[in-house]
Protein chains: 2
Amino acid sequence: MRLTSYTNYALRTLMYAALAHPRLVRVQDVADAYGISRTHLVKCVHHLGMWGYLINQRGRNGGFRLAREPEEISVAEIVRRTEEGFGSPSCGDADTSVLRLVDAVQRAQAAFLAVLERYTIADMTENADALRPILGFDIGHAA
Amino acid sequence: MRLTSYTNYALRTLMYAALAHPRLVRVQDVADAYGISRTHLVKCVHHLGMWGYLINQRGRNGGFRLAREPEEISVAEIVRRTEEGFGSPSCGDADTSVLRLVDAVQRAQAAFLAVLERYTIADMTENADALRPILGFDIGHAA
DNA sequence: GCCGTATGCGTCTGACCAGTTACACCAATT
DNA sequence: AATTGGTGTAACTGGTCAGACGCATACGGC
């Protein structure tokens, strides 16, 4: 019952872009901020671009930025995209109709998403002043 | 955001035991009913025994049975046991206090468990008449 | 205006780790 | 001796991560 790290990075990337909004952000910056590999994050950014959450720009002075306002992107929306196996959690058999278990788990998952539906990327970055230093935004984290 | 198959098997094993309650059940029976490996299920049964949900009996004519009444075992209880990484879902850093994200996810997880808290093993096996044939209990599933 | 180069995203490949599954064998009880 | 749960080991699989390379765009010299 843990979310994949892919989902984690997707949400954090959106948060990072929201803090810089509407300026461009480079993948390398986000990778450095979270201490992960750039190549791993590139795929995540690429997908977010295809899904319409980011606008990606190649070439020199390129980067990416939010395609929508932070208030219009709910956390649940992203989780539903990144966690594909959300509809069939505990069994893939044909006997699901009699299994009350899968019904219960699906209700629990619905409750899980219902909570995340109430939060947006803007809510996550509400405390921007506290977040930016941690992510090495304005001030250098060593100076 | 998928539960491990280990959790799945644990719950199904308890359901199977509840249907046979208070008769003894063999691991092989459960493995056959769900079409999985016996040795994988053995470890699950062993843990359920150590946690006090099952009474395991070795030797000839051995097996296991429920240690409590089905009404007294909530689904959430089992999930909490089997899914260890439930408290720290999306990050292990020290900056969790400023990250509203982990707070939101934890609220969502709480909602998830709150739903499962309302269901017991007895609820899962309420439709015993429909379940038993599927699990090959009384009548052979081919005859 | 044209072309080389720098700098960004994007793709491919493979190593690595945790969870899963299977197999062989041990321990205990009748 | 037969039958049951219990244990250790190894192969397989999907998710994770990193490195090397390809592609696209902008800048600068000419």
Side-chain angles (χ1 to χ4, degrees), chain A residues 1-13 16-17 20 23-32 34-51 53-67 79 81-86 88-92, chain B residues 1-10 12-13 16-17 20 23-32 34-51 53-67 79 82-86 88-92:
Chain A
M1 164 63 199
R2 80 166 75 90
L3 296 175
T4 65
S5 77
Y6 183 81
T7 298
N8 190 12
Y9 293 147
L11 289 168
R12 290 186 182 220
T13 299
Y16 199 100
R23 279 166 26 206
L24 280 177
V25 171
R26 290 174 303 177
V27 177
Q28 189 68 61
D29 296 334
V30 184
D32 289 344
Y34 297 127
I36 60 177
S37 162
R38 185 191 73 94
T39 44
H40 187 53
L41 200 58
V42 161
K43 294 153 193 166
C44 190
V45 170
H46 180 48
H47 290 152
L48 288 173
M50 291 197 303
W51 292 331
Y53 298 107
L54 294 178
I55 294 175
N56 302 7
Q57 185 174 338
R58 285 190 174 190
R60 186 165 183 156
N61 296 330
F64 60 89
R65 59 185 176 86
L66 280 188
V79 171
R81 293 269 193 181
T82 55
E83 305 278 329
E84 298 235 356
F86 225 102
S88 57
S90 48
C91 83
Chain B
M1 165 63 199
R2 79 166 77 88
L3 296 175
T4 65
S5 75
Y6 183 80
T7 298
N8 190 11
Y9 294 150
R12 290 184 182 223
T13 299
Y16 199 101
R23 278 166 26 205
L24 279 178
V25 172
R26 290 174 303 176
V27 178
Q28 189 68 60
D29 296 334
V30 184
D32 290 344
Y34 296 127
I36 60 176
S37 161
R38 185 192 75 97
T39 43
H40 187 51
L41 201 57
V42 160
K43 291 152 190 165
C44 188
V45 169
H46 180 48
H47 289 151
L48 288 172
M50 292 197 302
W51 292 332
Y53 298 107
L54 294 179
I55 295 176
N56 303 5
Q57 184 175 338
R58 284 190 176 190
R60 188 168 183 153
N61 296 332
F64 61 89
R65 60 185 175 86
L66 281 186
V79 171
T82 55
E83 305 277 329
E84 298 236 353
F86 225 101
S88 57
S90 48
C91 83

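Each chain gets a letter, A, B and so on, in the order its sequence line appears, and its residues count up from 1. The shown structure was predicted, so the numbers you read here are calculated from the model rather than taken from an experiment.
If you check distances only, the side chain of Thr4(B) never reaches the base of dG19(C) with a donor-acceptor pair under 3.5 Å. Remark: the Arg38(A) side chain and the dG19(D) base include no donor-acceptor N/O pair separated by less than 3.5 Å.
A sub-4.0 Å separation between OP1 or OP2 of dT25(D) and a side-chain N or O of Asn61(A) is absent. Within the structure, every side-chain polar atom (N or O) of His40(B) is placed at least 4.0 Å from both OP1 and OP2 of dA22(C). In this model, the phosphate group of dC17(D) is approached by a side-chain N or O of Tyr9(A) to a distance below 4.0 Å at OP1 or OP2. For dC17(D), the OP1/OP2 oxygens have no side-chain nitrogen or oxygen of Ser37(A) closer than 4.0 Å. Regarding contacts with the backbone of dT25(D), every side-chain N or O of Arg58(A) stays at 4.0 angstrom or more from both OP1 and OP2. One finds a side-chain N or O of His46(B) lying less than 4.0 angstrom from the OP1 or OP2 phosphate oxygen of dT7(D).
Using a 4.5 Å cut-off on side-chain heavy atoms (C-beta onward), Leu48(A) and Trp51(A) make contact. Counting heavy atoms from C-beta outward, Phe64(B) and Val30(B) have side chains that approach closer than 4.5 Å.
Residue Asn8(A) contributes atom CG, which lies 10 Å from atom P of dT16(D) at whole-angstrom precision. Rounded to a whole Å, the CD1 atom of Ile36(A) is 13 Å from the P atom of dG19(D). In this structure, Lys43(B) places its NZ atom 14 Å from P of dA24(C), rounding to the nearest Å. As rounded to whole Å, 11 Å separates atom P of dG10(C) from atom CD of Gln57(A). When the P atom of dG15(D) is taken as reference, atom CG of Leu3(A) falls 14 Å away, rounded to whole Å. Look at CZ on Arg60(A): it is 8 Å from C1' on dG28(D), rounded to the nearest Å. At whole-Å resolution of the value, CG in Leu24(B) and C1' in dT29(C) are 13 Å apart. Distance Asn56(B) CG to dT7(D) P: 10 Å, rounded to the nearest Å.
Counting all heavy atoms, side chain and backbone alike, Ala20(A) lies closest to Val25(A) at CB-CG2, 3.4 Å.
Within the nucleic acid shown, Val42(A) comes within 4.0 Å of at least one base atom, counting heavy atoms only. Ser5(B) comes within contact range of the sugar-phosphate backbone alone, with a heavy-atom separation under 4.0 Å but no base atom that close. Among the atoms of the strands shown, none is found under 4.0 Å from any heavy atom of Gly49(A).
Considering only the side chain of Thr39(A), dA18(D) comes nearest among dG5(D), dG8(D), dA18(D).
No donor-acceptor pair under 3.5 Å is formed between the side chain of Gln28(B) and the backbone N or O of Arg38(B).
With no hydrogens or angles considered, no side-chain donor-acceptor pair links His40(A) and Tyr9(A) at under 3.5 Å.
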